[in-house]
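Letters go in sequence order (proteins before strands), and every chain restarts at 1. Every value quoted in this text rests on a predicted model; they were computed, and no experiment measured them.
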Amino acid sequence: MNDIRMIREKPDLMREALVKRQMDPAPIDRILALDEERRAKLSELEALRAQRNSASKEIGRMQDESGRETIKDRVRAINIQIDGLDTLVSELDAQLQEALYELPNVPDPDVPPGKDDSENVVLKTVGALREFAFTPLPHYELGPKLGYLDFERGVKLAGTRFYVTSGPIAKLQRGLIQWLLDHHIARGYREFGLPFMVKQDVMLAAGQLPKFRENLYHDVERDAWFVPTAEVPLTGLHMGDILDGEQLTLNYTAYTPCFRKENLAAGKDTRGIKRGFQFDKVEMYKYCKPEDSEQELQNMFADIEDILHLLKIPYRVKQLCTGDLGFGSTKTYDLEVWAPGIGEWLEVSSASNVRDFQARRGNIRFRRSPGAKPEFVHTLNGSGLGIPRTMIAILENYQQEDNSIQVPDVLRDYVRLDAIN
RNA sequence: GGAGAGGUCGCAUAGUCCGGUCUAGUGCGCGCGACUCGAAAUCGCGUGUGGUUAUGCCACCGGGGGUUCGAAUCCCUCCCUCUCCGCCA
């Protein structure tokens, strides 16, 4: 959420942000009007309440019964006005709040302009693409051929966009999660085991609601929403807290499955394990002071890059342009790995500086020193990594002519296999 | 699922029966100051959050609603915690 005071004082900054994101700046005018009216009515309301409070105190002090009744009549009249104004102010408040919740974050000036993902900027490509002496197979042929990846059974169990892994591929999946978590822990991140469902206000704080309702799985009976990423409960952890400035930066990591309703037409992009309705991911998350967030984004990015070095998979780094930037992000780097079987670069991680956007929504603050005014923290999130796409990259890059798969060196202790065959 | 107890300003508690003098006392913690060569101890002062057209005013005693001129206090409802019983992975 953006600061209403900022919008009030510099509306053009906000309009410009929307235009950069290829969105309509019109809501700003409505927000300004709502804000102005709300404040006008609010001060009227408060003046009336002040009158009522002092009159009521007077009644308490007064001995004379008929005098009391006179004042009571007066207060009853004031109360009718208060009721009306109170209702009006609550309505204005709700409308304003709703409009603010729909506004995306303001892109960092550093973010390249662009209309959509075609204008993202490739910053670098790291590692040589492997030369194959044979034609590399896509994972969705390789897996079933080995007998450890079963799309039919996934569909039988849960419908389209689900699959079943087994044997060594199931083990690879589990080992990968374990290795990633251990890697982050060794770099100072604290591991969390989190609920895979959260309440609505957590979704709101993380910025998933109200805008992305149609992409979320939801238990209507219980106000329980399935997490689309561990970023959501990691944001919720400190909702309402005032953190100790001395303790920042907080570096967190967690594994969760991620549930995403994505109504794509059945087709090429949904083939294989690239875009399931459920997938595993290890997430990284930081709470820091405002002045540190840019540096922390670089730190997080370096931590992610390190993983790809260790896995020895070629990757490239993209900076998202203004038109493709996520709703809550001010600046995002995507890391994409090369998958030679399907011949695509696959996004396995996305690292974003959200600044105070989630902190405002979730009211997450810190105190610089004891007694100082609370300030909003900055939050950052990054995948480290998305499991299915990392598995695609491993399966396709490490495949041999006989269809067996070499297990990357760093994973051998975790998977307890040298090869999948 | 059944029976009961409870949720108050960082923590611990008082206040709730008998509505106004309670935004709210006390202890601890924390901050500033005094005393001291310095420290401990002691003493004094201060110490929630937010809104606002701002030396003021308004809101907040788990959430929501009601009664009343006036609610931490009375009523309804929801949530959560704890104890006992039942059931169960």
Side-chain angles (χ1 to χ4, degrees), chain A residues 1-9 11 31-101 193 195-205 209 218-225 233 236-248 250 287 356-377:
Chain A
M1 182 153 57
N2 294 285
D3 185 1
I4 180 63
R5 268 173 289 205
M6 181 274 278
I7 299 173
R8 200 184 289 155
E9 283 158 26
I31 286 172
L32 291 172
L34 279 169
D35 175 52
E36 196 171 324
E37 195 186 354
R38 190 193 79 97
R39 283 186 300 146
K41 296 299 176 191
L42 183 64
S43 57
E44 254 180 74
L45 173 65
E46 292 189 345
L48 286 171
R49 280 213 265 244
Q51 272 185 48
R52 179 183 66 186
N53 289 350
S54 66
S56 287
K57 274 181 190 150
E58 207 179 320
I59 294 171
R61 284 191 302 266
M62 205 172 247
Q63 299 303 316
D64 169 38
E65 193 54 43
S66 69
R68 290 174 121 161
E69 285 309 320
T70 312
I71 303 179
K72 280 193 193 181
D73 285 342
R74 206 177 81 213
V75 176
R76 270 189 275 259
I78 293 175
N79 271 340
I80 292 169
Q81 294 183 64
I82 288 182
D83 282 347
L85 266 177
D86 196 24
T87 311
L88 179 59
V89 170
S90 315
E91 276 166 13
L92 289 169
D93 214 24
Q95 285 175 32
L96 180 61
Q97 201 66 11
E98 205 179 310
L100 286 174
Y101 274 132
F196 301 158
M197 297 179 203
V198 298
K199 295 190 225 171
Q200 186 173 351
D201 57 343
V202 180
M203 284 295 182
L204 206 68
L209 285 175
H218 175 210
D219 173 0
V220 288
E221 285 167 9
R222 257 207 95 249
D223 183 29
W225 301 71
L237 277 177
H238 288 302
M239 270 169 57
D241 287 354
I242 299 179
L243 302 167
D244 176 2
E246 301 285 314
Q247 307 284 331
L248 299 177
L250 300 176
Y287 291 87
D356 63 3
F357 190 79
Q358 290 173 330
R360 279 180 194 284
R361 291 176 161 240
N363 195 223
I364 307 165
R365 294 168 295 171
F366 76 103
R367 242 187 267 276
R368 285 185 187 276
S369 56
K373 276 275 166 206
E375 299 171 50
F376 289 113
V377 297

With [atom1] as the reference atom in both, quote the distance from [N] to [M] in angstrom, rounded to an integer.
N     : M     : atom1 : answer
B:C57 : B:A3  : C1'   : 48 Å
B:G65 : B:A59 : P     : 15 Å
B:U53 : B:G48 : C1'   : 25 Å
B:C74 : B:U26 : C1'   : 27 Å
B:G1  : B:C60 : P     : 33 Å
B:G6  : B:G51 : C1'   : 32 Å
B:G10 : B:C30 : P     : 16 Å
B:C22 : B:C79 : C1'   : 26 Å

Using a heavy-atom distance cut-off of less than 4.0 Å, which residues of residues 69-80 of chain A contact RNA chain B?
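Residues of residues 69-80 of chain A that come under 4.0 Å of RNA chain B are, in numerical order, A:Lys72, A:Val75, A:Arg76, A:Asn79.
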Quick one, which residues of residues 40-49 of chain A touch RNA chain B with a heavy atom under 4.0 Å?
A:Ala40, A:Leu42, A:Ser43, A:Glu46, A:Arg49
Trace of the side-chain contact (heavy atoms from CB on, under 4.5 Å) decision for A:Ile364 with A:Gln358:
CA-CA 8 Å; A:Ile364 307 165; A:Gln358 290 173 330; 5.5 Å; no
Side-chain atoms of A:Arg365 come closest, of B:G50, B:G20, B:C58, to B:G50
N/O donor-acceptor pair under 3.5 Å between A:Asp223 side chain and A:Gln200 backbone:
yes
Output the rounded distance in Å from [atom1] ([X]) to [atom2] ([N]).
X        : N     : atom1 : atom2 : result
A:Asp86  : B:G66 : CG    : C1'   : 14 Å
A:Arg52  : B:A71 : CZ    : C1'   : 11 Å
A:Asp201 : B:C80 : CG    : P     : 13 Å
A:Asn363 : B:C60 : CG    : P     : 18 Å
A:Ile242 : B:C30 : CD1   : P     : 18 Å
A:Arg38  : B:A59 : CZ    : C1'   : 12 Å
A:Arg5   : B:U53 : CZ    : C1'   : 14 Å
A:Leu92  : B:U52 : CG    : P     : 14 Å

Looking across every strand, which nucleic acid part, if any, lies under 4.0 Å from A:Arg360 by heavy atom: base, sugar-phosphate, or nothing?
nothing
Give A:Ala55 one of three labels, base, sugar-phosphate or nothing, depending on what nucleic acid heavy atoms sit under 4.0 Å from its own.
nothing
Could you tell me whether A:Glu36 atom CD has more than 12 heavy atoms of other residues or ligands within 6.0 Å of it?
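No, because the 6.0 Å sphere around CD of A:Glu36 holds 12 heavy atoms or fewer from other groups.
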Got a sec: does the CD of A:Glu98 have more than 12 other heavy atoms crowding it under 6.0 Å?
no
Does A:Asp93 come within less than 4.0 Å of A:Arg38, counting only side-chain N to carboxylate O?
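A:Arg38 and A:Asp93: salt-bridged.
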Between the side chains of A:Arg365 and A:Asp241, is the shortest nitrogen-to-carboxylate-oxygen separation below 4.0 Å, so that they form an ion pair?
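No, A:Asp241 and A:Arg365 are not salt-bridged.
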For [X] and [Y], which heavy atoms make the closest approach, and how far apart are they?
X        : Y        : answer
A:Ala205 : A:Gly362 : CB-CA, 3.7 Å
A:Val75  : A:Ala55  : CG2-CB, 3.5 Å
A:Leu243 : A:His238 : CD2-ND1, 3.6 Å

Report yes if some heavy atom in the side chain of A:Asn363 is under 4.5 Å from a heavy atom in the side chain of A:Met239; otherwise report no.
no
Are A:Pro233 and A:Val202 packed together at the side-chain level, in the sense that at least one heavy-atom pair is separated by less than 4.5 angstrom?
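Not in contact.
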Can you tell me the Watson-Crick or wobble partner of [N], both distances under 3.5 angstrom?
N     : answer
B:U36 : none
B:C69 : B:G20
B:A54 : none
B:C11 : B:G27
B:C84 : B:G2

Determine: side-chain N/O of [X] to OP1/OP2 of [N], distance under 4.0 Å, yes or no.
X        : N     : answer
A:Asn53  : B:G20 : no
A:Arg367 : B:C30 : no
A:Lys373 : B:G50 : yes

Earlier contact from the 5' end, RNA chain B, for A:Ser54 and A:Pro374
A:Pro374
I need the single residue from A:Asp86, A:Leu85, A:Ile78 that forms a side-chain contact (heavy atoms from CB on, under 4.5 Å) with A:Arg49. Which is it?
A:Asp86
